Amino acid sequence: MVATAGRDVVRALTDERVVTALIDRGAQSRADLAAAADVSRPTSSESVRRLVELGVARETTQARQGAGRAGNLVDLGPAVGTALSVVVAPDGVTTEVLDVRGQVVAARRINLRGTAMRPSAAVRRALRGQGGGPYVAATVSVADPVDRTTGRAVELADAPFLTGSLDPRKLLAGLVTGPIEVDNDVNWAARAELAAGAPDDFAYLHLGEGLGGAIVSDGAIVHGGRGLVGEVAHIVVAGPRGKAMPLTEVFAKLGLRQHDSTAVDVSAVLRLLDRDPGRVVRALAGVVAGVVAFADPSELVIGGPWAVPVVAPLRAELSSYPREVVVREARVPDDAPSRGVRDGAIALLRERVLEQVRGTLGP
């Protein structure tokens, strides 16, 4: 029994190495695959046989480059499947179907700006028009707080992008056979920043139409009890004339909100920062001081549409504070939430494939 169990473990580890080589390097000959997986050719061939039976691998005929003749190659099989990423942003909903190597198989976008369509309806429309499925895994980014237990959007007072009763897990339940991970857009942006080389402990401050934050500790997003860590818009700071008020109210007092909305007017903020950044920067410094005091990040990352003109004056403002913190612009300045949620979907799909190979899911 012990010997049999040992052989099973070795086979599972070999199969995992072979599949990893196929994911990372693409279709290969049996000889090249054995070398990439660092196993003997007979061991690789046995692994390929098992993986073909499982549907995770397949053999295909393809002309060899430079040789002018056809040869058998091993590639990933149909059981690997695809993953789905969904971004619910203030201006629209974007869905993407991704393979395990990160290629976009299909994509669809539904515009929300200037329409009365609810985000849930936009998600359903995008998925209907996209086709495909079922998907092995899915990730969802929402421009609102997300309850970590239910995955539903949370409506907070004065939140500029209320998504109503958006319940991504319920929307996707019939289309996704595996895990569905839902998080807010700033947390996904922080994950993208982490993947781009940020240290394992940092704070992320998003400055856009909405205001948000994220805390990364020991390489993981800190969510808190309900998933509301990073909701910085209601931290009390010094506003105009030194009056204490929530950060979001500072923008109201300075006339920096969009008409009939609590969303920040980015163009107006940029104009003010160009001529007189002091009031906005001092308010942001109050937020940063609180974050530094409680989370002790090794650095503060500033991202979003009006991050660039804020970094230098905020760094100068914080230089007189008792707790020193490195302030820098985000490494992933453009479309960071989309990149984070896309990478998350690929990672879930990859792990699902490897779990199947290990035998935890069965064939």
Side-chain angles (χ1 to χ4, degrees), residues 1-85 95-108 127 130-139 175-179 195 339 341-363:
M1 291 290 292
V2 174
T4 300
R7 285 195 298 271
D8 290 344
V9 170
V10 171
R11 287 174 179 173
L13 290 173
T14 299
D15 292 350
E16 185 173 342
R17 292 173 75 170
V18 169
V19 169
T20 299
L22 288 173
I23 293 173
D24 293 342
R25 302 189 180 207
Q28 301 163 71
S29 69
R30 286 176 177 264
D32 290 341
L33 185 56
D38 195 23
V39 297
S40 69
R41 290 184 65 173
T43 299
S44 174
S45 293
E46 277 298 300
S47 177
V48 169
R49 181 188 61 77
R50 291 191 296 270
L51 294 171
V52 169
E53 289 180 357
L54 195 60
V56 173
R58 63 185 175 90
E59 291 192 88
T60 182
T61 302
Q62 183 173 320
R64 300 179 190 273
Q65 290 184 350
R69 59 188 179 85
N72 290 330
L73 299 179
V74 181
D75 202 354
L76 296 172
V80 170
T82 55
L84 178 69
S85 74
T95 59
E96 291 183 340
V97 180
L98 304 151
D99 69 20
V100 74
R101 293 179 179 132
Q103 297 299 309
V104 178
V105 177
R108 185 84 191 280
L127 294 174
Q130 185 169 261
Y135 307 105
V136 176
T139 50
L175 292 172
V176 182
T177 60
R339 191 179 304 188
V341 75
R342 186 182 299 122
D343 290 347
I346 297 165
L348 281 181
L349 176 57
R350 183 184 181 114
E351 182 57 31
R352 199 69 170 172
V353 172
L354 295 179
E355 284 178 353
Q356 187 174 356
V357 169
R358 297 180 195 120
T360 59
L361 300 180

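Side chains included, hydrogens not; waters and symmetry mates left out as well; all remaining heavy atoms used. The shown structure was predicted, so the numbers you read here are calculated from the model rather than taken from an experiment.
Going from atom CG of Asp38 over to atom OG1 of Thr14 covers 10.5 Å, rounded to the nearest 0.5 Å.
For the residue pair Val357 and Ala12, the shortest heavy atom distance occurs at CG1-O, 4.2 Å. Taking both residues in full, the closest heavy atoms of Arg352 and Gly178 are given as NH2-CA, 3.9 Å, listed atom of the first, atom of the second, then distance. Taking all atoms of both residues into account, the shortest heavy-atom contact from Val176 to Ala138 is CG2-CB, 3.8 Å. When all heavy atoms of Leu22 and Val74 are compared, the pair lying nearest together is CD2-O, 3.4 Å. Across every non-hydrogen atom of Leu349 and Val80, the tightest pair is CD1-O, 3.3 Å.
Taking the salt bridge (charged side-chain N to carboxylate O under 4.0 Å, His left out) definition, one finds that Arg50 meets it with Asp15, sequence neighbours left out. Taking Asp75 as the reference, Ala27, Arg58, Arg101 meet the side-chain contact (heavy atoms from CB on, under 4.5 Å) condition, with sequence neighbours excluded. For the side chain to side chain donor-acceptor pair (under 3.5 Å) test, residues two or more places apart in sequence or in another chain that qualify with Ser45 are Arg30. Evaluation of the side chain to side chain donor-acceptor pair (under 3.5 Å) rule for Thr95 yields Gln130 as partners, not counting sequence neighbours. The side-chain contact (heavy atoms from CB on, under 4.5 Å) check on Ala35 picks up nothing, with sequence neighbours excluded. Residues meeting the side-chain contact (heavy atoms from CB on, under 4.5 Å) test with Pro134, sequence neighbours left out: Thr177. Every residue two or more places apart in sequence or in another chain was checked for a salt bridge (charged side-chain N to carboxylate O under 4.0 Å, His left out) with Asp99, and none qualifies. Residues passing the side-chain contact (heavy atoms from CB on, under 4.5 Å) test with Ala345, sequence neighbours excluded: Ala83, Ser85, Leu98, Thr139. Remark: Arg25 engages no residue in a salt bridge (charged side-chain N to carboxylate O under 4.0 Å, His left out) (not counting sequence neighbours). With sequence neighbours left out, Arg350 forms a side chain to side chain donor-acceptor pair (under 3.5 Å) with Asp24. Every residue two or more places apart in sequence or in another chain was checked for a side chain to side chain donor-acceptor pair (under 3.5 Å) with Gln28, and none qualifies.
The pair Arg358-Glu355 does not meet the salt-bridge criterion, since no charged nitrogen lies less than 4.0 angstrom from a carboxylate oxygen.
When side chains are defined from C-beta on, Arg17 does not count as touching Ser47, because their heavy atoms never get closer than 4.5 Å.
Counting non-hydrogen atoms of neighbouring residues, nucleotides and ligands closer than 6.0 angstrom, the CZ atom of Arg49 exceeds 12 such neighbours.
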